[in-house]
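Written out below as structure tokens is the structure these notes cover.
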Amino acid sequence: MTDTPRPHDLLWLNRRDALQGIDAPWVSEQWRSHLPVVVRRDVNDNGLIPVGVRGVKREQRAAGWVSAQDITRAATPESLACLNTLLRSPFVSQQPVQAAIQLAQRQWPWAWGITGSTGYALATEMPVLHAASDLDLTIRAPAPVEPDAFAAWQRLVTQLPCRADTQVETPLGAFSLTEWLRDGRALLKTNQGARLVRDPWRREDA
């Protein structure tokens with residue numbers, strides 16, 4: 001891989017022991033290298049990439065690290081939001097996928113993608129979706145965006161057939177779009193932790 005992995009990217013590894021720093025017993029029992037890990041937010045002095053591992057149960061989540069040289073391929077949230085990918089999914093009848101199809105049928109002025117359990121199901125065809133599954137979304141916003149510009153997106157998201165949550169990614173971190181539009185400020189999730197901000201594109205705290 002030449003591109004630096006970003007939060008929410010799914011990574012496939014070349015061997016089982018490529019995962020470092022994880023001692024949860026269920027990981028050794030359930031995880032196999034044909035299943036991806038997901039990039040999370042953290043920093044490592046040795047240049048390792050922070051990742052999370054999903055288990056069969058919802059509460060089974062473990063944090064660890066991988067080396068870039070052990071990555072064989074990756075899937076971005078944006079690649080999973082392709083309309084053709086969604087229509088071909090074996091989970092096309094599930095509400096989160098139907099909701100994503102509605103978004104993919106529109107043109108948006110930003111890159112957006114699918115994360116969470118829906119993104120994992122689309123990438124792996126593993127049956128992790130259920131009747132109450134949410135649709136987790138991400139918008140890439142490298143430059144500042146005015147709140148009003150999100151109006152059409154937010155209006156459609158509130159009308160989707162399942163609960164949906166949008167995280168907006170800025171160069172400094174990610175924040176909840178609903179929280180920011182509602183309160184005029186939001187918790188910005190960064191590699192160094194979360195901080196309350198009014199302008200997620202500026203380094204100053206609110």
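Ion pair Glu179/Lys189 not flagged as a salt bridge, since none of the NZ, NE, NH1 or NH2 atoms sits closer than 4.0 Å to an Asp/Glu carboxylate oxygen.
Applying the ring pair (Phe, Tyr, Trp, His ring centres under 6.0 Å) rule to Trp26 yields no partners; only residues at least two apart in sequence or on another chain are considered.
When every heavy atom of Pro171 is checked against every heavy atom of Trp201, the shortest pair comes out as CD-CD1, 4.0 Å. Smallest separation of non-hydrogen atoms from Pro5 and Val39: CB-CG2, 3.8 Å. In terms of heavy atoms, Leu80 sits closest to Thr85 at O-CG2, 4.3 Å. Shown here for Leu86 and Ala81, the closest heavy-atom pair between the two residues is CD1-O, 3.9 Å. The shortest non-hydrogen separation linking Asp165 to Ser176 is OD1-OG, 4.1 Å. In plain terms, the two heavy atoms of Thr158 and Arg155 that are nearest each other are OG1-O, 2.7 Å.
Of the inter-residue distances, the one linking Arg15 atom CZ with Leu19 atom CG reads 9.5 Å to the nearest 0.5 angstrom. Rounding to the nearest 0.5 Å gives a distance of 6.0 Å between CE of Met126 and NE2 of His34. Distance CH2/Trp112 to CD1/Ile139: 9.0 Å, rounded to 0.5 Å. The structure places CZ of Arg106 at 13.5 Å from CG of Leu83, a figure rounded to the nearest 0.5 Å. For the atom pair CG of Leu122 and CZ of Arg88, the computed distance is 11.0 Å after rounding to the nearest 0.5 Å. Between Asp70 atom CG and Arg16 atom CZ the span is 14.5 Å, to the nearest 0.5 Å.
Counting heavy atoms from C-beta outward, Ile71 and Leu13 have side chains that approach closer than 4.5 Å. The shortest side-chain heavy-atom distance between Val92 and Ile101 falls under the 4.5 Å cut-off. Within the 4.5 Å cutoff, the side chain of Arg140 has heavy atoms near those of the Pro77 side chain. By the 4.5 Å heavy-atom criterion applied to side chains, Val157 and Thr166 are counted as neighbours. His8 places a side-chain heavy atom less than 4.5 Å from the side chain of Glu169. Side chains of Pro161 and Gln102 form a contact here, defined as non-hydrogen atoms less than 4.5 Å apart. Using a 4.5 Å heavy-atom threshold, the side chains of Arg40 and Pro7 count as separate. Counting heavy atoms from C-beta outward, Arg195 and Leu172 have side chains that approach closer than 4.5 Å.
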*Walk me through it: do Arg54 and Arg61 pass the test side-chain contact (heavy atoms from CB on, under 4.5 Å)?*
CA-CA 5 Å; Arg54 295 179 64 102; Arg61 300 289 187 271; 3.2 Å; yes
*Just do the side-chain contact (heavy atoms from CB on, under 4.5 Å) check on Ile114 and Leu137 with the steps written out, would you?*
CA-CA 5 Å; Ile114 302 169; Leu137 303 162; 4.3 Å; yes
*I would like to know whether Leu103 and Leu160 meet side-chain contact (heavy atoms from CB on, under 4.5 Å); could you show each step before the answer?*
CA-CA 9 Å; Leu103 289 168; Leu160 294 175; 4.1 Å; yes
*Evaluate side-chain contact (heavy atoms from CB on, under 4.5 Å) for Ile22 paired with Trp31, printing each intermediate quantity in order.*
CA-CA 11 Å; Ile22 294 182; Trp31 186 78; over 6 Å; no
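Trp180 contributes no side-chain N or O that, together with a main-chain N or O of Leu187, makes up a donor-acceptor pair within less than 3.5 Å. A distance-only check finds no donor-acceptor pair linking the side chain of Trp12 to the backbone of Ser33 [under 3.5 Å]. A donor-acceptor pair under 3.5 Å links the side-chain atoms of Arg32 to the main chain of Glu29, judged by distance alone. Put simply, the side chain of Thr76 gets close to the backbone of Ser79: a donor and an acceptor are under 3.5 Å apart. Between the side chain of Arg163 and the backbone N or O of Ala132 there is no donor-acceptor pair closer than 3.5 Å.
Below 30°, between 30° and 60°, or above 60°: for Phe150 and Trp110 the angle between ring planes is between 30° and 60°, a tilted geometry.
For Gln159, the CD atom is densely surrounded, since the number of other residues' heavy atoms within 6.0 Å is greater than 12.
Applying the under-4.5 Å side-chain rule to Ile, Leu, Val, Met, Phe, Trp and Tyr, the cluster around Leu48 extends to Trp65.
Between the side chains of Ser133 and Gln95, not a single donor N or O lies within less than 3.5 Å of an accepting N or O.
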